[in-house]
Protein chains: 2
Amino acid sequence: MSHTQYSSALLEKAVNEFSALPGVGRKTALRLALHLLKQPEESVLGFGNSIIRLRQEICYCKRCHNISDTEICQLCANASRDKETVCVVENIKDVMSIENTQQYRGLYHVLGGIISPMDGIGPNDLEIESLVKRVGDEQIQEVILALSTTMEGDTTNFYIFRKLASSNVKITTIARGIAVGDELDYADEITLGRSIVNRVEFTSSFK
Amino acid sequence: MSHTQYSSALLEKAVNEFSALPGVGRKTALRLALHLLKQPEESVLGFGNSIIRLRQEICYCKRCHNISDTEICQLCANASRDKETVCVVENIKDVMSIENTQQYRGLYHVLGGIISPMDGIGPNDLEIESLVKRVGDEQIQEVILALSTTMEGDTTNFYIFRKLASSNVKITTIARGIAVGDELDYADEITLGRSIVNRVEFTSSFK
């Protein structure tokens, strides 16, 4: 790529910073920087400060390791949530995805990744010990494993399953099958096969 | 769109700020915010501060109105640039585009827009008076008009042409024609027509 000539070092710095973001090229970075130049000063100040505060003040819930502004997150602190069910997810994005369904009222446990020897991530790099401790300490009845359906996800599922085998907790995994609205034609064989094996009884109120 | 549940107000604020940028949706905004959370604190501080400094400290060159860190921009201050030629462009992005070609050694004059009655932009909203003054005050021999080939661009070209008619300055406009690498098949008729009317003599060293 040819080296763009900037007449301002401040602009060049801002473009460099923007283009360090994932999925942002130098053209987009320039567009964003020039956009900010046209905005009112207080709104640009608000943007810059929100980024700095996010990084400096954010913390992670001591209990479920979800992102939080306080020591214990809003979900764990919420008295109306079902304290007997814990859903194990890979990262905080998955917590949001599940929360957005509005179908789950239990708690979460964020592993912070999945076991992946290729990337040098072992069980001790993840919040697995703390999950086992929670199952022992809290009144948890069911652990739902909601990890990716990849080899790494399956490995992690199996590792957690073995770690919790001695406790009396029920271990489940989220249903895999044909997505709502999908046609059978386009489904892969493994998903379609699993959806037949794990078929559920038809009810008219099923959503 | 369903309302995403954030367990952190800081994260929600940062996502809102990112998604206010042009072309950034809420999914991308969340991805960018989560990316920043994983970066070292000093690099996020650097990013936030570069945005704030860009907006607070940037200024515009008093002479050519290009973006600058100083009262007179690096291009105007550069003694090796050709002071007799001024290229008139719409905005600072156009300056960068022309600088990137490395084919131009003269100065610039940034109008800050083009005459557009539909958007309520008249000649007095643009740096046209200051261009006329520069032509009178400086030793300018040629003014190159490098505006968009739109009705607004043509109107602005004509307005500037009339304003400078009384001075002895030579007025030119950048060549329009078939882009390098383009096939004639795909060129529009007006461009192709103009490229025939304004044909140039063939030389083997032409680039």
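Order of the sequence lines sets the chain letters (A, B, ...), proteins ahead of strands, with each chain counted from 1.
No donor-acceptor pair closer than 3.5 Å links the side chain of Arg55(A) to the backbone N or O of Leu45(B). Not a single donor-acceptor pair under 3.5 Å links the side chain of Asp69(A) to the backbone N or O of Ser8(B).
Here CG of Leu10(A) is found 11.0 Å from CD of Gln56(B). Values are rounded to the nearest 0.5 Å. Note that the CZ atom of Arg31(B) and the NZ atom of Lys93(A) stand 6.5 Å from one another [nearest 0.5 Å]. Here Leu32(B) contributes atom CG and Leu21(A) contributes atom CG; the two are 5.5 Å apart, rounded to the nearest 0.5 Å. We find the CD1-CD1 distance between Ile51(B) and Ile51(A) to be 4.0 Å, quoted to the nearest 0.5 Å.
Ranked by heavy-atom pairs shorter than 4.5 Å toward chain B, the options Thr28(A), Ile58(A), Leu75(A) are led by Ile58(A). Highest contact tally toward chain A, considering only Glu41(B), Glu99(B), Gln74(B), is held by Glu41(B) [criterion: heavy-atom pairs under 4.5 Å]. When the candidates Ala9(A), Cys61(A), Cys73(A) are compared by the number of heavy-atom contacts under 4.5 Å with chain B, Ala9(A) comes out ahead.
Heavy-atom contacts from other residues, nucleotides or ligands closer than 6.0 Å to CD of Glu71(B) number 12 or fewer. Counting heavy-atom neighbours within 6.0 Å of Lys83(A) NZ, excluding the residue itself, gives a total above 12. In the displayed structure, Glu138(A) atom CD is contacted under 6.0 Å by more than 12 heavy atoms of other residues, nucleotides or ligands. The neighbour count for Arg176(B) CZ, taken as heavy atoms of other residues, nucleotides or ligands under 6.0 Å away, is above 12. Within a 6.0 Å radius of CG in Asn168(B), no more than 12 heavy atoms belonging to other residues, nucleotides or ligands are found.
The two residues Ser50(B) and Ala14(A) come nearest to each other via the heavy atoms OG-CA, 3.9 Å. Across every non-hydrogen atom of Ile52(A) and Val44(B), the tightest pair is CG1-O, 4.3 Å. Taking each heavy atom of Ala20(B) and His35(A) in turn, the nearest pair found is O-NE2, 4.1 Å. Minimum interatomic distance between Leu54(B) and Leu37(A) (heavy atoms only, all atoms of both residues): O-CD2, 3.8 Å.
Proximity to chain A is limited to the backbone of Ser43(B), based on heavy atoms less than 4.5 angstrom apart. Both the backbone and the side chain of Asn49(B) come within contact range of chain A, judged by heavy atoms closer than 4.5 Å. Using a 4.5 Å cut-off between heavy atoms, Tyr60(B) touches chain A through its side chain atoms alone. With a threshold of 4.5 angstrom between heavy atoms, Leu34(A) approaches chain B through side-chain atoms but not through N, CA, C or O.
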